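Comments concern the structure below.
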Amino acid sequence: MTNPSSIPVITIDGPTASGKGTVAHLVAERLGFHLLDSGALYRLTALSATRRGVDLHDEHALAKVAEHLPARFVDGEIKLADENVGEAIRAEAVGNLASRIAALPAVRQALFGLQLGFRKAPGLVADGRDMGTVIFPGAQLKIFLTASVAARAERRYKQLIDKGFSANMDDLLADLQARDDRDTHRLIAPLVPAEGAHVLDTSSKTVVEAVEQIMQWWVQK
Ligand code: DC
């Protein structure tokens, strides 16, 4: 059996709407690697807890939801048991709640082992906030993908409108700032560049340029 620590991992961490998801997906595709969208696990926990009427201040109850999450990633679809919830978990309200419950140590602990399990041959691209710092500190390549708040708010606005959600730019900016603040300043697994991470600012870069830069770093490894 392959020793998991010998399976290559590329971690891509960064703030919300930095383009991580798209970039991680494309890098994984180029390399034929598996993909871990760790934010989806926090979003699934948030959605599941809301639906089950769990007290959103009860850390223990929320951790139980995370521990028994019937999450499935099949052919690009994100499922809770058999239901495709790919769209539902992208709603702003779910993202905000995910950011809140992600500050709870018991919830992070409950999702820890599940995330390690994604490290499978031939390799993994892991997208999140603490992939390079906490979950895969031994990753072969670590990226910290960022962009200005204004650039990120604009991207998020376009994404939401394209998907038929309503959106307000001022609200989005305020939400992004609040979420950045929470993700960066929380006591456990805060959003910071991992030691040795390449910082990639995508404010004035296209997705293709960002992917090319990461591929170059990977080849140079
Ligand atoms: O990447 P995203 O927007 O889908 O993540 C939703 C929230 O989940 C984010 O605000 C913070 C949290 N999160 C986290 O704390 N750690 C991760 N590795 C991924 C996401």
Side-chain angles (χ1 to χ4, degrees), residues 9 11-25 34-74 76-81 83-119 124-136 144-146 152 156 159-160 172 175-192 194:
V9 178
T11 58
I12 305 184
D13 289 305
T16 196
S18 57
K20 276 177 303 132
T22 313
V23 169
H25 176 82
H34 299 280
L35 178 68
L36 165 59
D37 172 2
S38 61
L41 299 178
Y42 290 91
R43 288 172 182 266
L44 285 167
T45 304
L47 182 68
S48 187
T50 315
R51 286 182 172 180
R52 291 201 212 166
V54 169
D55 176 358
L56 302 175
H57 295 100
D58 184 342
E59 178 169 355
H60 181 70
L62 289 166
K64 275 252 168 305
V65 173
E67 206 178 315
H68 301 289
L69 206 59
R72 296 198 299 132
F73 296 82
V74 199
E77 287 188 351
I78 301 177
K79 295 191 166 182
L80 255 188
E83 184 190 349
N84 182 356
V85 291
E87 290 279 309
I89 62 165
R90 296 292 149 210
E92 285 302 290
V94 177
N96 282 326
L97 182 58
S99 163
R100 261 196 214 117
I101 66 170
L104 304 172
V107 171
R108 304 200 73 84
Q109 187 56 40
L111 293 175
F112 186 78
L114 181 59
Q115 295 176 84
L116 294 185
F118 280 78
R119 190 173 198 167
L124 175 70
V125 177
D127 150 15
R129 303 290 188 291
D130 62 342
M131 298 295 98
T133 50
V134 177
I135 309 293
F136 302 109
F144 191 80
L145 202 74
T146 187
R152 291 187 286 128
R156 179 53 57 88
Q159 266 175 12
L160 289 171
L172 275 178
D175 265 7
L176 275 185
Q177 270 157 340
R179 209 185 299 182
D180 279 359
D181 196 54
R182 226 176 4 243
D183 293 347
T184 312
H185 294 109
R186 67 184 176 212
L187 290 176
I188 181 165
L191 173 66
V192 286

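Side-chain atoms are counted along with the backbone in the values below, which use heavy atoms only and exclude waters and symmetry mates. Numbers here are sequence positions counted from 1. Predicted model, so just to flag it, every value in this text is computed and none were measured.
When all heavy atoms are compared, the tightest approach of Leu62 to Ala49 is CD2-CB, 3.6 Å. Contact detail for Thr146 and Pro15: the closest heavy-atom pair is OG1-CG, 3.9 Å. Ala24 and Asp127 get closest at one heavy-atom pair: CB-CB, 3.8 Å. When every heavy atom of Thr184 is checked against every heavy atom of Leu191, the shortest pair comes out as CG2-O, 3.7 Å. The two atoms that bring Ala189 and Val134 nearest to each other are CB-CG2, 3.9 Å, heavy atoms only. Across all their heavy atoms, Ile89 and Ala40 have their closest contact at CD1-CB, 4.1 Å.
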| Stepwise side chain to side chain contact (heavy atoms under 4.5 Å, CB included) check, Leu69 with Thr45 | CA-CA 7 Å; Leu69 206 59; Thr45 304; 3.6 Å; yes
| query | Do Val192 and Phe144 pass the side chain to side chain contact (heavy atoms under 4.5 Å, CB included) test, and can you show the C-alpha distance, the side-chain angles, and the key distance before you say yes or no? | reply | CA-CA 8 Å; Val192 286; Phe144 191 80; 5.8 Å; no
| task | Go through Leu56 and Arg100 one step at a time and tell me if the side chain to side chain contact (heavy atoms under 4.5 Å, CB included) criterion holds. | result | CA-CA 9 Å; Leu56 302 175; Arg100 261 196 214 117; over 6 Å; no
| query | Between Asp183 and Ser99, does a side chain to side chain donor-acceptor pair (under 3.5 Å) hold up when you go through it step by step? | reply | CA-CA 7 Å; Asp183 293 347; Ser99 163; 3.1 Å; yes
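Using a 4.5 Å cut-off on side-chain heavy atoms (C-beta onward), Val85 and Lys79 make no contact. No side-chain heavy atom of Leu104 sits less than 4.5 Å from a side-chain heavy atom of Ile188. In this structure, the side chains of Arg152 and Asp180 come closer than 4.5 Å at one or more pairs of heavy atoms. Counting only heavy atoms from C-beta outward, the side chains of Val107 and Val65 never approach each other to under 4.5 Å.
The list of ring-ring contact (aromatic ring centres under 6.0 Å, His included) pairs with a residue in residues 35-73, not counting sequence neighbours, reads Phe73-Phe118. Here salt bridge (Lys or Arg N to Asp or Glu O under 4.0 Å) pairs that include residues 41-62, with residues two or more places apart or in two chains, are Arg51-Glu83.
Between atom CZ of residue Arg182 and atom OG1 of residue Thr16 there is a gap of 10.5 Å, rounded to the nearest 0.5 Å. Annotation: the span from Asp37 atom CG to Ile12 atom CD1 amounts to 11.5 Å, rounded to 0.5 Å. The CG atom of Leu36 sits 8.5 Å away from atom CD1 of Ile135, with the distance rounded to the nearest 0.5 Å. Summarising the geometry, atom CZ belonging to Arg108 is positioned 4.0 Å from atom CZ belonging to Arg186; distances are rounded to the nearest 0.5 Å. We find the CD-CD distance between Glu67 and Gln109 to be 9.5 Å, quoted to the nearest 0.5 Å. Atom CZ of residue Arg90 and atom CG of residue Leu47 lie 11.5 Å apart, to the nearest 0.5 angstrom.
Checked by atom type and distance alone, the side chain of His25 never pairs as donor or acceptor with a backbone atom of Gly21 at under 3.5 Å. Side-chain atoms of Arg72 come within 3.5 Å of backbone N or O of Ala81 as a donor-acceptor pair. With hydrogens and angles ignored, the 3.5 Å screen pairs a side-chain donor or acceptor of Asp13 with a backbone N or O of Met131. Checked by atom type and distance alone, the side chain of Asp130 never pairs as donor or acceptor with a backbone atom of Thr133 at under 3.5 Å.
Between Asp175 and Arg156, none of the side-chain N atoms (NZ, or NE/NH1/NH2) sits under 4.0 Å from a carboxylate O, so this pair counts as no salt bridge.
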